[in-house]
Visitor: 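To start, I am sharing the structure in question, which I have written as structure tokens.
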Amino acid sequence: MIFLSALNMLQFQFVCALRTIGLNVLKCSFSTDSGLFDEKGKLLGSASSPIQIWKDKDCIEQSSTDIWHAVCAAVKSACSLANVAPENVVGLGFAATCSLVAVDADGSPVSVSWSGDARRNIIVWMDHRAVDQAERINARNSPVLQYCGGGVSPEMQAPKLLWVKENLQESWTMVCRWMDLSDWLAYRATGDDTRSLCTTVCKWTYLGHAHMEQWKESDSRDMEACGWDEVFWEEIGLGDLVEGNHAKIGRSVAFPGHPLGYGLTPIAAKELGLLPGIPVGTSLIDAHAGGVGVMESVPDAESKADISDEQAICHRMVLVCGTSTCHMAVSKNKLFIPGVWGPFWSAMVPEFWLTEGGQSATGALLDYIVENHAAAPLLANHAASQSISIYELLNRILLLMTHEQNVGFLSALTQDTHVLPDFHGNRYESHHIFIAKEIMLAI
């Protein structure tokens with residue numbers, strides 16, 4: 001199964017809840033996958049739709065219009081295949097990669113591309129054009145950075161925003177809203193631009209713990225955004241983003257899953273083939289949505305132990321794999337670990353502090369290595385002759401190797417191989433996020 005992860009990397013999953021308001025939605029990068037689940041979590045049907053992507057060296061871009069059309073196509077197809085009527089779908093939520101979306105006052109796309117192509121209004125999470133901006137931001141040693149492991153990554157939003165301001169001034173003046181992709185999807189569905197604590201805290205330097213007392217005293221569905229550090233934004237040259245009560249980056253925030261606005265708008269409902277007014281929840285980053293599912297799953301042995309669920313989840317680490325890999329753990333107390341992102345308050349599990357790290361290219365790196373290997377053409381021909389994918393063929397070869405070498409399980413083939421795959425940097429500041437195109441093998 002080693003190479004199958006590359007096939008499944010960066011998907012978009014859309015999940016509708018049936019006969020219950022519970023919901024769970026994931027979005028990744030190269031396709032949209034929609035799934036319909038009943039109240040017991042049983043998958044009733046699914047469908048996929050591709051997404052366009054533009055790559056030019058470190059610049060990687062997508063189109064919010066294209067993504068929305070893909071979502072609509074996948075949802076309609078899934079409902080049709082599962083024979084699910086619109087009135088049976090009673091809840092909807094989104095999660096997505098932490099990509100940056102730019103739209104104007106009318107909600108129309110604004111280009112973030114050197115090409116000027118207005119369709120290309122998303123800087124994809126893996127885009128590393130803002131390395132210089134990230135280094136300059138980190139050099140200021142703002143107190144905010146202690147909640148990012150000591151420094152921002154070029155995959156976070158502040159460096160990308162600064163890059164746009166410095167390089168695409170016309171686009172900068174046109175943008176009315178800068179949004180994380182999952183927040184934009186929820187906004188597109190409801191017209192409510194309330195941002196998620198998950199996206200803002202993890203990727204925008206928003207200080208979620210500013211709400212530790214406020215949320216208990218007010219309606220946490222729509223909390224005034226009091227966690228923006230205006231001094232930080234002014235120091236890095238983006239003071240104009242705090243104008244108008246932070247209108248461009250988020251005036252209000254909410255915990256993931258809280259209902260937005262009046263639910264699905266009539267226009268969005270028609271496009272999705274669903275009914276208006278269906279509750280739509282505040283979003284999650286894709287990996288963090290997976291983290292919630294894994295973190296809250298209690299093994300039988302653990303469920304019988306004399307330990308509360310609250311204590312149990314503090315003794316787990318979640319590993320979420322795709323194009324990249326995220327390592328995530330939660331605790332009741334904030335933990336400052338140099339080089340590890342966080343602590344992020346309520347970014348994944350409400351009222352828990354999240355710390356995370358990871359690798360920027362894992363599944364994607366497998367694709368890159370396979371596609372650029374000298375044997376790639378031969379491999380592709382062999383796979384085509386058997387009417388299977390190259391990954392299916394590789395898995396068969398690996399299985400054969402386990403028998404030939406008489407090892408007990410597949411991953412034992414790599415017991416003497418150690419890889420540091422920093423082709424696209426890593427997510428630990430102490431190991432320098434900006435190191436790229438380096439791979440070390442010791443056999």
Side-chain angles (χ1 to χ4, degrees), residues 12-27 32-39 41 43-49 51 63-97 101 103 106-109 177 179-199 219-223 250-286 289 292:
F12 175 101
Q13 288 186 322
F14 164 97
V15 181
C16 297
L18 305 179
R19 297 182 293 279
T20 177
I21 299 180
L23 49 93
N24 182 18
V25 186
L26 264 177
K27 185 279 170 194
T32 67
D33 294 341
S34 67
L36 291 158
F37 295 81
D38 64 17
E39 68 274 12
L43 177 64
L44 303 179
S46 63
S48 298
S49 187
I51 295 174
S63 162
S64 62
T65 301
D66 175 62
I67 288 175
W68 182 254
H69 288 162
V71 169
C72 294
V75 170
K76 289 178 179 178
S77 181
C79 289
S80 175
L81 291 171
N83 195 28
V84 171
E87 56 267 24
N88 288 332
V89 180
V90 297
L92 167 63
F94 295 96
T97 59
V101 184
V103 294
D106 297 323
S108 299
R177 288 185 177 87
M179 308 186 78
D180 238 72
L181 180 52
S182 58
D183 286 332
W184 178 83
L185 288 167
Y187 166 68
R188 180 65 176 77
T190 65
D192 185 342
D193 76 343
T194 295
R195 314 302 172 92
S196 168
L197 272 176
C198 179
T199 58
D219 181 2
S220 61
R221 287 173 51 182
D222 187 19
M223 299 184 295
R251 288 178 174 173
S252 62
V253 298
F255 286 88
H258 280 287
L260 291 170
Y262 297 98
L264 200 60
T265 66
I267 294 176
K270 183 177 181 180
E271 293 170 329
L272 291 165
L274 301 173
L275 297 182
I278 292 173
V280 178
T282 309
S283 66
L284 279 161
I285 298 169
D286 56 348
V292 170

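As the structure is a prediction and not an experimental result, all values here were calculated from the model.
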Visitor: Nearest 0.5 angstrom please: Phe255 CZ to Cys198 SG, how far?
Guide: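 One gets 12.0 Å once the value is rounded to the nearest 0.5 Å.
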Visitor: Within a strict 4.5 Å, meaning less than it, do heavy atoms of the Thr199 and Ser182 side chains meet?
Guide: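 A side-chain contact exists here, since the closest heavy-atom pair is under 4.5 Å.
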Visitor: Nearest 0.5 Å, what's the CG-CG distance between Leu44 and Asn88?
Guide: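 That separation rounds to 10.0 Å.
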Visitor: Going by heavy atoms in the side chains, are Pro109 and Thr65 under 4.5 Å from each other?
Guide: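 Touching, per the 4.5 Å side-chain cut-off.
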Visitor: Among all residues two or more places apart in sequence or in another chain, which pass the side chain to side chain contact (heavy atoms under 4.5 Å, CB included) test with Ser108?
Guide: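 Only Asp104, Asp106 meet the side chain to side chain contact (heavy atoms under 4.5 Å, CB included) criterion with Ser108.
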Visitor: Could you check whether Ser283 and Asp183, counting side-chain N and O atoms only, form a donor-acceptor pair closer than 3.5 Å?
Guide: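 Short answer, yes.
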Visitor: Given the rule in the side-chain contact (heavy atoms from CB on, under 4.5 Å) test, do Leu260 and His258 qualify, once you have shown the distances and angles that lead to the verdict?
Guide: CA-CA 6 Å; Leu260 291 170; His258 280 287; over 6 Å; no
Visitor: Check whether any side-chain heavy atom of Met179 lies under 4.5 Å from a side-chain heavy atom of Asp193, and answer yes or no.
Guide: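 Counting from C-beta outward, Met179 and Asp193 do come under 4.5 Å.
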Visitor: Does the side chain of Trp68 reach to within under 4.5 Å of the side chain of Leu272, using non-hydrogen atoms?
Guide: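 With C-beta onward as the side chain, the pair touches.
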Visitor: Run the side chain to side chain contact (heavy atoms under 4.5 Å, CB included) test against Ala269 and tell me which residues pass, sequence neighbours left out.
Guide: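 If we apply the side chain to side chain contact (heavy atoms under 4.5 Å, CB included) test to Ala269, skipping adjacent residues, the hits are Leu264, Pro276.
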Visitor: What side-chain donor-acceptor pairs closer than 3.5 Å can you find for residues 74-84, not counting sequence neighbours?
Guide:
residue: Lys76; atom: NZ; partner: Glu271; partner atom: O; Å: 3.3

Visitor: Tell me, do Tyr262 and Asp192 make a side-chain contact under 4.5 Å, heavy atoms counted?
Guide: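 Not touching, per the 4.5 Å side-chain cut-off.
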Visitor: For Tyr187 and Arg177, run side-chain contact (heavy atoms from CB on, under 4.5 Å): C-alpha distance rounded to whole Å, both residues' side-chain angles, the deciding distance at 0.1 Å, then the answer.
Guide: CA-CA 11 Å; Tyr187 166 68; Arg177 288 185 177 87; 3.0 Å; yes
Visitor: I'd like to check Leu275 versus Val89 (side-chain heavy atoms, cut-off strictly below 4.5 Å). Are they in contact?
Guide: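 Leu275 vs Val89: side chains apart.
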Visitor: Using the rule given for side chain to side chain donor-acceptor pair (under 3.5 Å), can you reason through Thr194 versus Ser252, listing the C-alpha separation, both sets of side-chain angles and the distance that settles it, and then say yes or no?
Guide: CA-CA 5 Å; Thr194 295; Ser252 62; 3.0 Å; yes
